[in-house]
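Model, not experiment: these values are computed from the prediction.
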Amino acid sequence: MPATLKYTDESDKCYGITGMAIGLVIWNAEDIMSTINLDAGPADVFEFVPEYYFCGNPRISAKNSWGHVLKHYQATMGMLIGNILCRSYVLHGTHPSKETRAKLLVCLDEEGRSSCALESDEVERVFNRSYAYLEKVFNHPGVHAVAHDFAKLLKERRQMSRADMMECLGRIEAL
């Protein structure tokens, strides 16, 4: 896979979105997603529930607020890693390039530092664990079958609700 995070065509985009959806399911964070729209711009493909956009509440402790932000950061990390790994392993049958992995880490490092006040070494540890786990997930033949089905369905429907997503991806929990 080339050292780019941009989609090369609609199939590449479908598999990237599929990887993101699988990342949400794997991290048990599908409840933050409302809809998926294949025809939306890159930043708007996923519409999240209002609770995702945490604004703060003086009644919530700082520890709980930080935990909420961290959970969403980890879901974001799972989505981005899932995007790359699904496109690489499932669609193209190759390993992501070292350059792609490095670009992904830089992107997630910036987000981790700004949203969670994590140090780069903390981000890298979380990233390496998440990446290794998701590599196993996306190398599983059963996940390949589910991913192919989901990408095909997304391409046909163009838009999916959380219920649609879970109907198709719920099979992953049984693997």
**Q.** Name of the residue among R87, H148, H92 meeting side chain to side chain donor-acceptor pair (under 3.5 Å) with Y15
**A.**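 In the set R87, H148, H92, the residue that makes a side chain to side chain donor-acceptor pair (under 3.5 Å) with Y15 is H148.
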Hey, does [Y] have a side-chain heavy atom less than 4.5 Å from the side chain of [X]?
| X | Y | value |
| --- | --- | --- |
| W27 | K71 | no |
| V49 | M33 | no |
| F150 | C14 | no |
| I36 | Q159 | no |
| F46 | I17 | yes |
| L91 | C86 | no |
| M166 | E173 | yes |
| L85 | I22 | no |

Could you pull out the closest heavy-atom pair between [X] and [Y], with the gap in Å?
| X | Y | value |
| --- | --- | --- |
| S11 | K155 | OG-NZ, 3.0 Å |
| M165 | A21 | SD-CB, 3.7 Å |
| C116 | V69 | SG-CG1, 3.8 Å |
| S115 | Y73 | OG-CD1, 4.1 Å |
| G78 | L134 | O-CD1, 3.8 Å |
| L154 | L38 | O-CD2, 4.0 Å |

Q: Take H72 and F48, measure what ring pair (Phe, Tyr, Trp, His ring centres under 6.0 Å) needs, and give me the verdict at the end.
A: CA-CA 11 Å; H72 288 176; F48 296 100; 8.3 Å; no
Q.
Checking K13 against T8: is there a side-chain donor and acceptor pair closer than 3.5 Å?
A.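 No, no side-chain donor-acceptor pair sits under 3.5 Å.
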**Q.** side chain to side chain contact (heavy atoms under 4.5 Å, CB included) assessment of L24 paired with M79
**A.** CA-CA 6 Å; L24 282 174; M79 290 174 70; 3.6 Å; yes
Q.
Nearest 0.5 angstrom please: C168 SG to K152 NZ, how far?
A.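 These two atoms lie 11.0 Å from each other.
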Q) Between CE of M160 and CD of E167, what distance do you get to the nearest 0.5 Å? A)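 It comes to 8.0 Å.
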Q: Could you check D149, I26, V25 and say which one makes a side-chain contact (heavy atoms from CB on, under 4.5 Å) with L169?
A: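 Looking at D149, I26, V25, the match for L169 under the side-chain contact (heavy atoms from CB on, under 4.5 Å) is V25.
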(Q) Between R162 and D31 (salt bridge meaning N to carboxylate O under 4.0 Å), is one present in this structure? (A)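 Result for this pair is no, no salt bridge flagged.
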Q. Is R113 salt-bridged to D109, cutoff N-O under 4.0 Å?
A.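 A salt bridge links R113 with D109.
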Q) Can you name the residues that form a salt bridge (charged side-chain N to carboxylate O under 4.0 Å, His left out) with D121, not counting sequence neighbours? A)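 Expected list: R125.
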Q: Only counting residues at least two apart or in another chain, list the ones meeting salt bridge (charged side-chain N to carboxylate O under 4.0 Å, His left out) with R158.
A: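 Once residues adjacent in sequence are excluded, the partners of R158 under the salt bridge (charged side-chain N to carboxylate O under 4.0 Å, His left out) criterion are E10, D39.
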Q. Do M77 and V106 belong to the same hydrophobic cluster, where Ile, Leu, Val, Met, Phe, Trp and Tyr are linked whenever their side-chain heavy atoms lie under 4.5 Å apart, directly or via other members?
A.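 M77 does not cluster with V106.
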Q. For L104 and F127, what are the C-alpha separation, side-chain angles and deciding distance, and is it a side chain to side chain contact (heavy atoms under 4.5 Å, CB included)?
A. CA-CA 9 Å; L104 189 57; F127 175 81; 4.0 Å; yes
Quick check: does any side chain N or O of [X] sit under 3.5 Å from a backbone N or O of [Y], one acting as donor and the other as acceptor?
| X | Y | answer |
| --- | --- | --- |
| S130 | V126 | yes |
| H144 | F138 | yes |
| N83 | L80 | no |

Q: Evaluate the side chain to side chain contact (heavy atoms under 4.5 Å, CB included) criterion for residues D44 and N37: first the C-alpha distance (whole Å), next the side-chain angles of each, then the deciding distance (0.1 Å), finally the verdict.
A: CA-CA 8 Å; D44 300 318; N37 184 345; over 6 Å; no
Q. More than 12 foreign heavy atoms under 6.0 Å from CD of E122: is that the case here?
A.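 Above 12, so yes.
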Q | Worked verdict on L70 versus L118 for side chain to side chain contact (heavy atoms under 4.5 Å, CB included) | A | CA-CA 9 Å; L70 182 63; L118 296 173; 4.3 Å; yes
Q: Sequence neighbours left out, what passes side chain to side chain donor-acceptor pair (under 3.5 Å) with N139? Give chain and number order.
A: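 Per chain and number, N139 pairs via side chain to side chain donor-acceptor pair (under 3.5 Å) with no residue.
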